[in-house]
Structures are given as C-alpha cells and as structure tokens.
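None of the values given here were measured: they were computed from a predicted structure.
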Amino acid sequence: MSEAVNEESPLLVGLNEVQKRAVSTVDGPVLILAGAGSGKTRVITHRIAYLIQENQINPENILAVTFTNKASREMKYRVEELLGGMGKGLWVTTFHSMGARVLRKHASAIGYDRNFSIYDDSQQKSTMKAVIKLMNLDPKRYAIRYCLDMISGFKAQSLAPDEVRPRDFDPKLVEIYAAYQEELKQSQAFDFDDLLFQLVKLFRLNPEILAIYQQQFEYIMVDEYQDTNVIQYQLIRMLSNLHHNVCVVGDEDQSIYSWRGADISNILDFKKDFATPEKGVLRFELSINYRCPPACLEAANLLIKNNLQRTSDKAELMASKQADEGISYYLAPNAQDEADYVMSRIDQLSFENVDLSTVVILYRTHAQSRIFEQSFMRYGIPYQIFGNVRFFERREIRDILAYLALLHNPFDADSLFRVVNFPPRGIGATSQDKLRIFSHNHSIPPLLAMDGIDTVGPAVQKKFLMFYEYYNDLRDRLQAGTSLLDLTRAILEELEILHYWDQKDETDRVQNLQELLNTIAEYEREEENPTLEGYLEKSVLISGIDALDEAQQNVTMMTLHNAKGLEYDHVFIVGMEEGLFPHRNSLEDSQNLEEERRLCYVGITRTMQKLTLSGARLRDVYGQLSYQVPSRFLREIGDPFLAPTDFAVGI
DNA sequence: TTACTGATCCTTTTT
DNA sequence: GGATCAGTAA
C-alpha cells in the first residue's frame with residue numbers, strides 16, 4: 001500500500017526520497033530505522049506537521065512519545081515552528097509524564113488519591129529502608145539498592161508481586177516487593193516505574209478508560225523505540241490497538257538502556273507484533289548520515305561491526321558530508337594531563353572564536369567530571385555540567401520540597417519523616433521509629449498519628465503536636481490562596497532555615513535555597529495555571545539534561561548516556577581506557593560489552609565536525625593510583641582514522 | 001538526642 | 001576519594 005508522495009506539500013521540501021515517504025505514509029503501522037544523524041527528528045516533526053496540515057488531523061488526536069523532557073520540548077518547538085500555532089493540543093510527552101497525566105485523572109479507579117506523590121530515587125531508597133527495617137530483615141543480605149533494582153526489573157517486565165514466580169526468585173524478595181508496594185500505597189505515592197506500571201494496570205482493569213485514549217490517539221509516534229521495555233511496549237500496544245496507526249523510530253545500534261529493562265526485540269519484532277490483517281507494516285530505512293564527517297562515520301561503522309549480536313539487516317550508514325578533520329587520539333601520561341590537553345584544545349578553539357556551546361566533553365561516569373571541572377576553573381573557561389548532583393537532589397532543596405510535598409499529600413510518609421526533625425526539633429530516631437510503628441499498626445498516616453499517638457512520653461507527644469499544628473497552619477494558608485512563593489518563603493523564615501545553614505557556614509546551601517525561590521517564582525510567572533502539584537511534578541520528573549542551556553556560550557560536560565539525541569561540532573570523548581570505557585562491570589559479559597560498544601558508537605556519532613578521543617596511562621581509581629590500558633574500542637576503530645601526530649608517548 | 005569520629009563500602013549508565 | 005554508617009561522648 002504505497003502512497004503517492006504529495007510533491008506539493010512544503011513540508012516535504014528539502015527531504016530525501018525515503019524521508020519524504022516516511023513523512024507522508026501516515027496510515028497503518030510504520031517502522032522507521034533511522035541511523036545516527038540521518039534526520040530522524042526532522043522526519044518525526046515533519047510527519048506530525050504533515051498529519052495536521054495535509055491530513056487535517058486534529059492535534060489532540062496525535063500522541064508523540066519521547067524519552068526525555070528535553071526531546072519532547074525540542075519536538076514541540078520544532079513542530080510549532082513548522083505549523084505556527086496550529087499544533088495546540090498535541091500530546092508530545094515522555095512516557096513518564098504521560099503516565100502522571102493520565103493517572104492524575106483516573107487515580108481513584110485503582111484506589112489512589114488524585115493528589116498522589118511521585119517518589120524519586122532517593123525517596124524510593126528511604127522507603128525501602130523503612131520496609132527492610134519493619135520486616136526485621138538483614139540489611140546486608142537485602143541491600144536497599146539490590147531490592148530496588150530487582151523490583152524495578154519486575155515492574156519493567158510488567159510483573160506485580162503476585163505475578164512473580166517465587167520459585168524463580170528468593171521468596172523473601174517477593175515479600176519485600178509486596179511490602180514496598182503497600183508502603184507506597186499507604187503514602188499515596190508512585191515511584192518512577194509505577195507511572196508506567198500502574199498505568200498499564202489502570203488500563204487493564206478499566207477497559208472503558210483505555211477506550212477513551214484509544215479513541216483519542218488516532219496517530220501514535222514513538223521515538224527511540226530501541227530503548228523501550230516490556231511495559232512501554234505494552235502501553236503502545238494497548239493504545240494503538242484501535243486505530244493501528246503507530247509509527248516507531250529507532251536504531252538497534254543505539255540501544256543503550258538494556259540495564260533499565262530496554263528490550264531490543266521490541267524493535268526487531270515490531271513487524272510481527274503490530275501488523276494487522278488489513279494493514280501490514282511498512283518499513284523505511286534512513287541510512288544517509290548528514291551529521292558526521294566521513295572519518296567519524298567510518299570509525300563508527302568499524303567499531304560497531306565488532307558487535308556480533310546485531311540482528312537486523314540494515315544497511316551501513318553512508319556519509320553525505322565531505323569536509324573532514326579526521327579523528328585525533330591523545331594518550332596522556334596521567335588524568336591531570338589529559339584534562340590539561342583537552343583544556344588547551346578548547347582554549348585554542350576559543351581563540352579561533354568558536355562558539356563554546358558547540359563543544360562537548362563526554363565521559364562514561366559522572367565521577368570523571370571533577371578533574372575537568374577543576375581544570376575549567378583554572379583556565380577560566382565557562383562550562384556547564386549535566387546530571388551530576390542535580391539541583392533538586394541536593395539535601396537542602398529536598399528538605400524544603402518535602403514540606404511542600406507533605407502539604408500536597410498528607411499521606412506522604414517519606415516526606416514527613418524527612419522534615420519531622422528538620423530543622424532539629426528534638427524528635428530523634430527513637431521517637432520517629434515509635435511513630436512509624438504506631439502508624440503502621442493502626443494504619444493511620446504518620447502525620448495524623450502525631451495527633452493521637454500514645455506510645456511516647458508527654459514531652460515527645462507535645463513536640464509531635466506542635467509539628468502537627470504548624471502543618472495545619474501552613475495548610476490553611478495554602479488553602480486560603482497564599483502563593484507558592486510566599487508559602488515557601490514563610491517556611492524558610494519561620495523555621496529559620498537560612499539561619500540554620502548560615503550558622504554552619506554552609507553558604508552554598510543558602511545560595512541554593514535562594515535559587516529554589518527563583519525557580520518557584522519563575523514557575524509561577526510562566527505557568528498559566530501554577531499549582532503546588534504542577535511544581536512538584538516538574539521538579540521530580542525533570543532530569544539533568546532538561547536544564548541544558550544552549551544560549552550560554554559554555555562548554556558542556558555530560559555522560560555518554562545523556563548525549564543520546566544531541567549533536568556538537570567538537571566532541572571530546574575522554575577516559576578511553578579499559579575498565580572505564582568499557583566499564584569494569586561490563587568486561588565479563590559479552591552482552592554488556594556490546595552495549596558499551598553501542599554507547600561508544602552513540603558518542604562518536606554526535607560529532608558534526610571534529611572528534612577527539614583521549615585516555616590516560618595513570619589514573620586515580622577509588623583513590624588509588626592505577627595503571628590503565630587503552631580502551632579496546634580504539635583498536636577496533638583502527639589506526640587509519642586516528643591522527644598519529646596527536647599521539648603522546650610514555651610517562 | 002545530637003554531633004562527632006573512624007570504619008567500611010563502594011558507583012556505571014536514568015525516567 | 002567520598003558518602004554513608006555504627007559507635008561513642010557530651
């Protein structure tokens with residue numbers, strides 16, 4: 001069922017033949033295999049615009065799912081640019097935001113309050129910690145991280161506690177899973193995975209609710225489909241099961257999230273899974289790369305060939321660019337020298353008036369950013385880091401957000417215990433444990449239990465009561481219409497929190513809190529209808545990459561994972577050493593090793609102009625000096641593409 | 001109850 | 001090298 005390409009549409013101008021067909025084929029299931037730099041985003045945005053402009057589809061009937069908020073914002077912006085205001089009502093969203101949005105509407109259908117909280121990683125940790133403690137388990141045997149990872153895995157596989165086969169796993173673990181879910185439920189909280197897991201549950205248990213969305217979303221598009229997991233697959237499957245107009249875009253070679261449950265077979269089996277008797281799957285392959293210099297592309301192709309588990313029969317990427325500065329490799333005597341080398345190169349670029357926002361340093365782990373950060377400061381080069389200690393994860397920020405979260409959702413146990421003794425009120429660990437147990441035994445949320453607890457002495461009782469009354473006072477003010485900014489200011493002042501940090505000479509924290517007030521002010525200014533709920537959701541779902549500020553002339557530093565979907569003129573991939581990249585935890589397992597290689601492939605193909613690889617012979621690992629061996633990926637890329645002049649010799 | 005000290009375990013990658 | 005934790009003194 002090939003369609004005639006509408007040559008008249010301005011939305012097709014400037015696209016190549018395959019791109020044109022991918023844009024204009026809107027009916028039925030469509031698979032777009034899009035190699036790195038092949039104009040994928042362009043195809044998706046033009047396709048959305050095409051649907052609206054040429055096929056007269058109402059924007060409200062289009063769903064476009066991405067993985068990061070940044071990607072979705074970018075997509076929205078570019079569609080807007082193409083359509084000029086006609087795109088209002090489009091659902092361009094991340095999987096998780098979509099989950100939050102739909103769950104807010106129908107939470108009661110699965111026994112949740114619409115004011116539910118969303119727990120991030122650190123809240124999951126403290127909740128799990130409480131669970132292990134309540135269950136009297138050995139925290140060594142049942143490490144928090146391990147339990148959470150397992151549970152996250154279950155949820156990614158769409159398995160509820162009673163669906164996990166205990167014979168396959170430690171039965172205790174399944175008990176922990178059930179108890180953890182119960183704890184979340186008591187707190188009226190969802191964790192990240194729940195935003196998808198519970199959404200699927202909602203749809204399963206309430207076909208009439210699913211039907212609303214099936215009818216609404218006539219056209220569905222999914223970006224980065226190679227990184228979807230079982231639960232995301234199920235969601236797309238459910239939602240598209242009425243109209244069957246589902247278009248997925250992805251690239252097997254760029255799958256880098258299998259550790260999060262992403263399953264490459266989703267994209268490999270798309271044909272089989274989504275074809276209907278009436279509508280077969282159409283497949284388009286974008287294999288011309290418009291981004292990278294030929295040497296980069298050649299190197300990337302050589303590298304990825306070492307992966308034996310590539311299953312699709314897709315063609316090798318072809319270069320369209322001519323200009324080429326080659327690839328350099330610098331082997332530094334030690335990590336400090338590596339950083340200095342990169343600095344001197346960037347300094348040179350700056351001297352040549354290169355806009356520094358076109359320069360990026362990519363590394364495997366966050367820990368590597370520190371040495372570069374120090375060098376940047378020494379050289380006086382402006383920089384920005386993404387994802388390391390995210391703003392909203394700082395302790396002082398979390399404390400205040402916990403007050404706000406508790407105001408929004410009084411059931412939120414984690415937030416309560418976070419603030420009950422901050423600033424110190426003489427309610428220590430012992431009293432907190434008693435409150436927890438009392439709350440648990442009587443099935444009363446801990447906040448309310450503070451009013452009736454009879455298992456503590458009168459002195460502590462009084463402290464509980466005072467907290468409870470202060471809480472109610474704040475809540476009254478919120479309901480009376482006090483703005484979020486004013487309320488937060490009041491909390492900071494009345495609890496003397498700035499003073500508290502000041503006293504401890506923690507001026508950074510004071511500054512961060514001022515910055516928090518700024519973000520709230522900004523939120524209230526920019527949002528049409530600012531709410532406490534909206535602000536909290538934004539602060540928890542936002543990820544490091546979302547704060548990326550292209551307007552600033554700063555060099556950017558980030559992990560390779562964060563770089564997916566981005567492109568830069570000048571790319572530095574640092575720490576090309578065995579044990580670091582590929583990471584030591586992946587050396588033993590060929591599957592993991594292939595994922596590392598794909599990660600390297602992603603990194604290389606971010607390059608628009610010049611790629612520089614580097615590594616050190618000697619590096620601090622866990623505070624111990626260790627001799628490093630150059631990464632095997634360098635060998636796989638091969639000498640011809642590494643400019644020999646840049647080799648540094650010896651120590 | 002808190003605040004400090006020394007020991008111990010790590011960290012891969014993220015919505 | 002650093003975050004987190006158990007143990008101890010005030």
Side-chain angles (χ1 to χ4, degrees), chain A residues 65-72 93-100 118-122 124-126 129 139-140 143-146 148-149 152 155-156 190-197 199 224 227-229 231-232 255-262 335 362-371 386-390 392-393 395 421-433 456-457 459-460 463 504 537 540-546 558-564 575 579-587 589 592-593 595-596 598-600 602-603 619-626:
Chain A
V65 193
T66 63
F67 271 78
T68 64
N69 292 302
K70 167 145 173 54
S72 82
T93 172
T94 62
F95 273 106
H96 290 84
S97 302
M98 173 175 74
I118 302 171
Y119 277 6
D120 68 8
D121 191 62
S122 80
Q124 292 179 37
K125 270 191 190 154
S126 45
K129 199 171 164 186
K140 290 258 174 350
I144 292 169
R145 189 71 268 166
Y146 167 75
L148 284 174
D149 282 349
S152 177
K155 288 182 182 175
F190 292 126
D191 66 14
F192 275 137
D193 296 310
D194 275 339
L195 292 177
L196 309 180
F197 178 67
L199 183 61
E224 309 282 9
D227 282 325
T228 50
N229 58 27
I231 197 103
Q232 290 162 335
S255 158
I256 54 176
Y257 283 103
S258 73
W259 51 276
R260 210 172 73 190
L362 303 176
Y363 36 72
R364 181 63 178 80
T365 66
H366 287 301
Q368 291 168 257
S369 68
R370 250 196 70 241
I371 192 161
F386 291 97
N388 202 355
V389 183
R390 294 182 205 155
F392 288 108
E393 283 170 17
R395 199 206 135 170
N421 200 33
F422 178 85
R425 296 185 175 88
I427 302 176
T430 324
S431 308
Q432 288 181 36
D433 282 350
V456 293
V460 180
K463 289 173 191 165
K504 297 185 170 241
E537 197 158 302
V540 69
L541 288 180
I542 216 153
S543 73
I545 198 75
D546 298 319
M558 64 176 83
T559 62
L560 285 143
H561 281 87
N562 271 329
K564 191 171 76 161
L580 198 53
F581 192 29
H583 194 272
R584 52 183 60 76
N585 294 2
S586 302
L587 294 176
D589 178 296
N592 290 342
L593 197 61
E595 181 143 314
E596 297 280 316
R598 289 193 294 269
L599 191 56
C600 188
V602 167
R619 174 185 300 275
D620 254 345
V621 180
Y622 296 145
Q624 267 211 314
L625 271 188
S626 135

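Within 4.0 Å of A:F67, counting heavy atoms only, lie sugar-phosphate atoms of the nucleic acid but no base atom. Within the nucleic acid shown, A:N421 comes within 4.0 Å of sugar-phosphate atoms alone, with no base atom in reach, counting heavy atoms only. Among the heavy atoms of the strands lying under 4.0 Å from A:K129 are primed sugar atoms or P, OP1, OP2 only; no base atom is included. In this structure, A:S97 reaches neither bases nor backbone, as no heavy-atom distance under 4.0 Å exists between it and the strands shown.
A donor-acceptor pair under 3.5 Å is formed between the side chain of A:E595 and the backbone N or O of A:S258. No donor-acceptor pair under 3.5 Å is formed between the side chain of A:R598 and the backbone N or O of A:I256. Remark: the backbone N or O of A:F197 is not paired with any side-chain donor or acceptor of A:D194 at under 3.5 angstrom. Looking at A:N421, its side chain does come within 3.5 Å of a backbone N or O of A:I427 through a donor-acceptor pair.
With the nearest nucleotide of DNA chain B identified for both A:I427 and A:T559, A:I427 has the one nearer the 5' end. Between A:V460 and A:E595, the one whose closest nucleotide on DNA chain B sits nearer the 5' end is A:V460.
For A:N562, a side-chain nitrogen or oxygen approaches OP1 or OP2 of B:dT14 to under 4.0 Å. Within the 4.0 Å cut-off from OP1 or OP2 of B:dT14, at least one side-chain nitrogen or oxygen of A:H366 is found.
Picking from B:dT1, B:dT2, B:dT14 the nucleotide with the shortest atom distance to the side chain of A:R260 gives B:dT14. With B:dT2, C:dG1, B:dT15 as the candidates, the nucleotide lying closest to the side chain of A:R370 is C:dG1. Of all nucleotides listed (B:dT1, B:dT13, B:dT11), B:dT1 comes nearest to the side chain of A:T430. Distance from the side chain of A:T94 is smallest to B:dT15 among B:dT14, B:dT11, B:dT15.
Stacking annotation: A:F95 is not stacked on the base of B:dT15 (requires ring centroids less than 5.5 angstrom apart and an interplanar angle below 30 degrees).
Spacing between atom CG of A:N229 and atom P of B:dT14 amounts to 16 Å, rounded to whole angstrom units.
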